[in-house]
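Notes follow once the structure below has been shown.
Every value quoted in this text rests on a predicted model; they were computed, and no experiment measured them. Quick note on labels: first sequence line is chain A, next is B, and so on, each numbered from 1.
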Amino acid sequence: MLDKTLIAERELGVFAQKLIIYKYKVYSATTILLLILSITTLVLSVFEVLEYFNLIIFVAIFALPFTVALIMVKIFGKSLMLFDNMVLARGSKIDNRRIHATFALSYTIPIVAAYLVNPLPYWPIYAWYIALLFSNLMVTIFYEQYINSLLPQLKIRIYFTLTLVSLLLTPILAYSIIAFPRRAGIVGIILYMVASIISSIQEIYRAEKML
Amino acid sequence: MTETIYRLLQSLDPVLRHPTRFSIVTLLMVSGPQTEGEIARKLEIAWGPLSTHLRKLEEEEYVETKRYPTLRGPRTYVILTEKGVRAYYRYVSTLDKIVELSRNRWKRLESTRD
């Protein structure tokens with residue numbers, strides 16, 4: 001039989017790789033969850049409690065999620081670097097410019113497009129939900145598929161789940177648009193929060209199962 | 001099959017073949033850049049052997065040391081290089097093949113004995 005040290009080293013090596021993937025999955029899930037929770041909580045409080053809107057509040061809404069994102073990148077900075085190393089070892093390289101462009105375009109084009117039209121009553125209140133559905137679909141196709149192709153054992157599916165769950169919840173939004181259109185925005189926020197919680201929990205669960 | 005296993009064993013990177021050096025590189029792989037003090041504490045290695053192994057890894061260009069300013073003053077970090085990362089994955093993948101082949105061989109021996 002083989003030397004026990006060799007077997008132990010092999011186990012340790014495989015475990016090390018799984019741990020890096022685990023960290024990346026947890027990073028993705030917690031970042032998305034925290035970002036969406038902070039945005040939705042702020043949007044809810046601003047539009048529902050204060051019931052008015054101005055530029056300062058609008059900027060303030062995005063200041064917290066932005067800070068959250070910065071903190072998460074700081075906390076998981078080393079893990080992201082380790083992930084880059086893992087991809088590098090497979091002979092590939094993460095194209096960060098492509099990733100940044102994907103996110104920038106995915107969260108701009110559908111939102112701008114949605115607010116250029118006004119097909120339904122109270123459309124601006126809930127248009128963002130439909131826009132985000134397309135945004136997440138674009139991220140699934142152009143980011144998630146790309147990152148999974150670089151590292152097949154990663155199998156990250158958080159944006160796919162987020163898209164799918166928010167799509168499945170769309171009939172509830174549609175009902176609220178017909179039944180009480182003024183409240184459709186809040187219904188959308190709650191539905192989107194639910195979708196993000198489900199997708200994040202599912203990704204953390206998948207990460208935990210992988211170890 | 002034995003020959004293949006033997007050939008694969010021969011091809012294992014001699015630098016990483018040492019358990020302490022393998023542990024150091026694994027720690028750097030999983031936790032990222034570390035100070036020498038952190039490596040010594042986390043792996044429970046005495047300073048003397050640690051310096052020897054780090055020197056060996058540095059000679060092979062598997063790790064490099066860089067000085068960074070921190071809140072507690074400048075610290076020297078040990079960082080895994082691209083060459084080190086590639087060597088580590090190659091080493092683990094060779095180990096994987098060896099373990100797989102020897103398991104198959106063992107199974108075959110067991111079945112012929114039955």
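- Counting heavy-atom pairs under 4.5 Å between each of Gly13(A), Gly77(A), Ala8(A) and chain B puts Gly13(A) at the top.
- Scanning all heavy atoms of the two residues, the minimum distance from Met81(A) to Gly32(B) falls at CE-CA, 4.5 Å.
- Counting all heavy atoms, side chain and backbone alike, Arg67(B) lies closest to Thr76(B) at NH1-OG1, 3.0 Å.
- Both the backbone and the side chain of Leu88(A) come within contact range of chain B, each with at least one heavy atom under 4.5 Å from a heavy atom of that chain.
- Salt bridge present: Glu82(B) and Arg86(B) bring a charged side-chain N and a carboxylate O closer than 4.0 Å.
- The neighbour count for Phe134(A) CZ, taken as heavy atoms of other residues, nucleotides or ligands under 6.0 Å away, does not exceed 12.
- Among the candidates Tyr88(B), Phe22(B), Tyr91(B), the residue making the largest number of heavy-atom pairs closer than 4.5 Å to chain A is Phe22(B).
- Within the 4.5 angstrom heavy-atom criterion, no atom of Leu27(B) approaches chain A.
- In this structure, chain A has no heavy atom under 4.5 Å from any part of Arg90(B).
- Of the N and O atoms on the side chains of Asn136(A) and Tyr107(A), at least one donor lies less than 3.5 Å from an acceptor on the other residue.
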